[in-house]
Trainee: 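If you scroll down you'll find the structure; I have some questions about it.
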Amino acid sequence: MRLSQMLFVTLRDDPADAEIPSHKLLLRAGYIRRIGSGLYAYLPLMWRVLQKVSQIVREEMNATGAQECLLPQLQPADLWKESGRWDTYTKAEGIMFSLIDRREQQLGLGPTHEEVITAIARDMIRSYRQLPLHLYQIQTKFRDEIRPRFGLMRGREFIMKDGYSFHTDEASLKETYQDMYKAYSNILRRSGLAFRAVEADSGAIGGSGSTEFMILAEAGEDEVLYTEDGKYAANVEKAVSLPIDAETSRFTTYQKRDTPGTETIEKVCQILNCSPTQVVKNVLYKVVYANDNVLLVLVSIRGDQEINEVKLLNELAKVEDQHRRTSTVLSLTISDTSDQNIWATKPLPLGYIAPDLPNDYIANRTLFTRQELQEKLELNLDEINEILQDLPLSPSYSLPDVRKAIEKKFNESHSPQINTLSEALKKTRQLKLQYPNPKFLRYYDKTVVGLKNFVTGGNEAEYHVVGANWDEQFSLTDCYEVDVRKARPGDRAKDNPEQTLQSARGIEAGHIFQLGTKYSQAMGATYTNEQGEEKPLFMGCFGVGVSRLAQAAVEQSYDKDGIIWPVAIAPYHAIVTIPNIKDAQQVEIAQKLYTQLNQAGIETLLDDRDERAGVKFKDADLIGIPYRIVTGRAIANGKVEVVERATRKSQEIAIDEVTATLKQWITEAIKGKD
């Protein structure tokens with residue numbers, strides 16, 4: 001391709017809205033163009049990179065026997081409601097674009113395709129003879145990011161390879177999981193990237209186990225903890241470790257101490273002259289579920305440790321309601337003063353809370369009179385009477401019953417009444433938030449279990465207690481033991497305490513999951529085994545962020561002058577630069593090399609623009625083509641200058657040997673990564 005004929009515009013200054021080096025460089029070098037918040041056009045150079053990444057992905061996936069397909073981007077909400085994830089993606093995480101079509105059907109723009117593929121399997125897989133089966137696609141996905149940032153790293157539209165496998169049992173699933181582990185490692189290795197495979201939290205996808213493939217880069221959003229012996233690596237959200245040993249307490253008797261102005265662990269340790277390893281701190285959270293349940297959660301953990309809220313969310317996802325059903329967590333927040341003004345019966349001793357904070361701090365209010373409902377839901381008398389007409393006549397009504405009554409009317413009604421009912425539904429949720437379950441859900445982290453004569457809050461402002469012990473001053477009855485501490489660098493490895501955890505930053509480029517039967521059971525996707533029994537399908541899920549991987553490659557490899565592409569995914573292998581377009585001999589040799597190189601399979605650009613040599617050299621460095629061939633002064637000796645972008649190594653090579661030399665270098669560079 002000739003640069004004079006290409007859509008090619010570079011920028012000398014960093015764009016104001018670009019935050020990390022790779023984002024700045026891709027914009028400056030003319031690879032992408034911002035169209036809107038989190039929305040980018042892939043320009044010709046970038047599209048070539050994405051095609052190369054996609055081809056490597058296809059080759060590795062096809063080598064495992066996976067079959068490529070293409071699934072719809074628009075997905076019916078009903079499928080997501082079957083799996084139980086509609087609330088998770090539209091309310092809790094809020095990342096799915098949802099819409100109503102002209103037939104008043106709810107749809108979502110797919111951030112992922114588990115529901116669609118499970119529906120296909122449900123309809124088409126009948127027998128064990130059809131299994132195992134592995135389908136994949138390379139598709140545009142959508143996420144309604146609250147704050148799109150970092151270019152293609154966290155955009156609202158992106159390209160992704162996602163694959164889904166179906167099996168008769170867990171053993172078969174694990175075989176494919178290992179095949180994908182190898183395939184993903186090959187994809188990143190062939191792309192010329194330094195990476196680390198780490199244990200990961202499965203998040204909203206779910207399943208029994210998962211592995212992330214992290215491209216190592218200083219600007220990575222994720223923290224990876226690993227041991228130097230290479231036997232352990234995990235995302236910090238998933239990582240486990242052994243904390244430092246707790247110091248022996250200097251207190252021997254239980255006492256209440258006056259500790260004014262000690263709302264923090266640091267301050268209380270200073271005034272009491274104690275170690276934070278001997279303090280039990282108690283953190284109060286508010287949890288909102290999709291079924292309108294609201295729980296106040298008190299978590300006790302050792303004073304020198306932090307709570308890993310991802311681990312805490314996983315514990316809260318197991319909580320059952322009175323009907324023994326679990327529900328999606330919509331939000332998890334530390335309960336602040338404004339929130340406590342709603343539910344607390346009296347001011348809380350913030351900063352001085354003990355593990356046994358009494359339940360009577362919570363307002364116990366679940367019933368409302370007809371007049372209260374009319375006022376709080378802002379309905380007129382006829383509207384509230386119509387809603388409550390199907391409920392038994394009573395002096396007061398429970399919120400769940402009222403909500404069901406409104407939902408029934410909502411489903412039966414049409415505009416304009418439907419708007420009034422919709423607002424009433426929202427207000428019932430607000431009322432529920434004001435009157436939560438009148439008991440604290442109490443968790444204690446494993447770090448506090450063995451503490452003796454510890455320090456903790458006194459349930460009274462300005463006071464702590466010292467010399468406290470479990471089963472003496474504080475009971476663990478009606479509390480649940482959990483592991484919710486955040487592992488951190490310097491901790492001892494759990495499986496080998498002689499190893500300590502190190503930290504690195506990474507960009508998640510791939511993620512593989514063992515889903516098990518989560519989706520097949522929820523959506524009724526079964527097969528018939530050899531004995532004629534109907535069994536749920538075992539599933540795996542495997543994703544690679546194609547556009548994310550491409551930008552991550554830039555984040556991993558650049559310098560002050562621009563991008564340094566790995567040879568395997570560079571948009572072009574070489575660029576022939578003509579320093580002086582008015583020199584006929586330079587032009588002739590450049591065009592000859594350009595033709596020869598492309599005919600030999602070496603993808604080559606020709607910079608034939610009428611620009612100064614310095615501009616051309618700067619642009620070549622900025623766009624990061626692996627090899628630059630300059631038809632400058634050396635042509636007088638029958639040679640050209642060849643510069644390797646990664647090392648800046650320059651050498652003069654005979655014109656007739658350029659094609660063979662570059663072909664060898666490129667082959668070695670790509671083969672070295674296979």
Side-chain angles (χ1 to χ4, degrees), residues 1-15 17-58 138-143 145 148-161 187-188 190-193 215 217 219 507 509-510 544-559 561-575 603-607 609 618-628 645-646:
M1 187 68 190
R2 297 171 181 268
L3 271 186
S4 62
Q5 300 172 2
M6 193 175 189
L7 179 60
F8 181 71
V9 178
T10 59
L11 306 173
R12 291 301 164 214
D13 298 319
D14 291 335
D17 63 336
E19 300 172 80
I20 59 175
S22 57
H23 187 195
K24 295 174 183 177
L25 289 170
L26 287 174
L27 286 167
R28 283 186 53 209
Y31 280 84
I32 60 176
R33 189 78 175 179
R34 185 180 183 273
I35 302 302
S37 177
L39 301 173
Y40 290 86
Y42 308 122
L43 300 179
L45 285 174
M46 193 68 198
W47 187 241
R48 289 182 66 89
V49 174
L50 295 174
Q51 285 179 312
K52 290 191 174 185
V53 173
S54 297
Q55 185 58 28
I56 291 172
V57 170
R58 280 193 175 95
I138 297 176
Q139 172 69 286
T140 299
K141 301 296 185 80
F142 304 89
R143 291 173 64 100
E145 294 284 355
R149 56 197 309 224
F150 304 147
L152 308 184
M153 294 288 196
R154 192 165 287 279
R156 302 167 80 195
E157 180 180 304
F158 54 96
I159 299 173
M160 182 177 174
K161 188 288 299 185
I187 288 167
L188 295 175
R190 287 181 59 188
S191 298
L193 301 171
I215 295 174
I507 300 166
V544 169
V546 173
S547 49
R548 172 178 271 252
L549 186 154
Q551 182 171 329
V554 178
E555 195 63 45
Q556 188 175 91
S557 186
Y558 66 90
D559 62 18
D561 295 316
I563 298 167
I564 304 174
W565 285 111
V567 174
I569 62 173
Y572 290 90
H573 298 131
I575 181 169
E603 300 166 2
T604 305
L605 276 171
L606 176 62
D607 192 348
R609 296 174 297 163
K618 281 184 175 295
D619 281 346
D621 282 343
L622 179 60
I623 64 176
I625 306 302
Y627 301 101
R628 182 173 80 233
R645 176 68 182 89

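Because the structure is a prediction, the values reported are computed rather than measured.
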Trainee: Got a second to check how far Leu152's CG is from Leu549's CG, nearest 0.5 Å?
Mentor: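 Here the interatomic distance stands at 11.5 Å.
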Trainee: Which atoms form the tightest heavy-atom contact between Arg548 and Ala509, and what is the distance?
Mentor: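 Heavy atoms of Arg548 and Ala509 come nearest at CD-CA, 4.5 Å.
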Trainee: Check salt bridge (charged side-chain N to carboxylate O under 4.0 Å, His left out) between Arg156 and all other residues, then give those that pass, not counting sequence neighbours.
Mentor: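 Salt bridge (charged side-chain N to carboxylate O under 4.0 Å, His left out) check on Arg156 returns Asp144.
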Trainee: Please check if the side chain of Trp565 supplies one atom and the backbone of Ala553 the other of a donor-acceptor pair under 3.5 Å.
Mentor: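 Looks like no, no N/O pair under 3.5 Å.
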Trainee: Decide, yes or no, whether a salt bridge links Lys618 with Asp561 under the criterion of side-chain N to carboxylate O below 4.0 Å.
Mentor: no
Trainee: Counting N and O atoms only, with roles assigned by atom type, does the side chain of Ser547 sit under 3.5 Å from a partner on the main chain of Ile159, one being a donor and the other an acceptor?
Mentor: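 Yes, the answer is positive, given that a donor and an acceptor are paired below the 3.5 Å cut-off.
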Trainee: Side chains of Arg609 and Asp619: closer than 4.5 Å at any heavy-atom pair?
Mentor: yes
Trainee: With sequence neighbours excluded, tell me which residues meet side-chain hydrogen bond (donor to acceptor under 3.5 Å, both in side chains) with Gln556.
Mentor: none
Trainee: From Tyr627 OH over to Ile575 CD1, what is the distance, rounded to the nearest 0.5 angstrom?
Mentor: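 The distance works out to 15.0 Å.
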Trainee: His23: what forms a ring-ring contact (aromatic ring centres under 6.0 Å, His included) with it, not counting sequence neighbours?
Mentor: Tyr40
Trainee: If the test is side chain to side chain contact (heavy atoms under 4.5 Å, CB included), which one of Val57, Val53, Leu193, Val546 qualifies with Ile187?
Mentor: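 Single side chain to side chain contact (heavy atoms under 4.5 Å, CB included) partner of Ile187 among Val57, Val53, Leu193, Val546: Val57.
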Trainee: Could you tell me whether Arg58 atom CZ has more than 12 heavy atoms of other residues or ligands within 6.0 Å of it?
Mentor: yes
Trainee: Backbone N or O of Leu11 within a donor-acceptor pair of the Arg28 side chain at under 3.5 Å?
Mentor: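 Yes, because the side chain of Arg28 sits within donor-acceptor range (under 3.5 Å) of the backbone of Leu11.
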Trainee: Check whether any side-chain heavy atom of Ile623 lies under 4.5 Å from a side-chain heavy atom of Ile563, and answer yes or no.
Mentor: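 SC-SC contact between Ile623 and Ile563 ruled out.
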Trainee: For the pair Arg154 and Glu19, evaluate salt bridge (Lys or Arg N to Asp or Glu O under 4.0 Å) and give the outcome as yes or no after the intermediate values.
Mentor: CA-CA 12 Å; Arg154 192 165 287 279; Glu19 300 172 80; over 6 Å; no
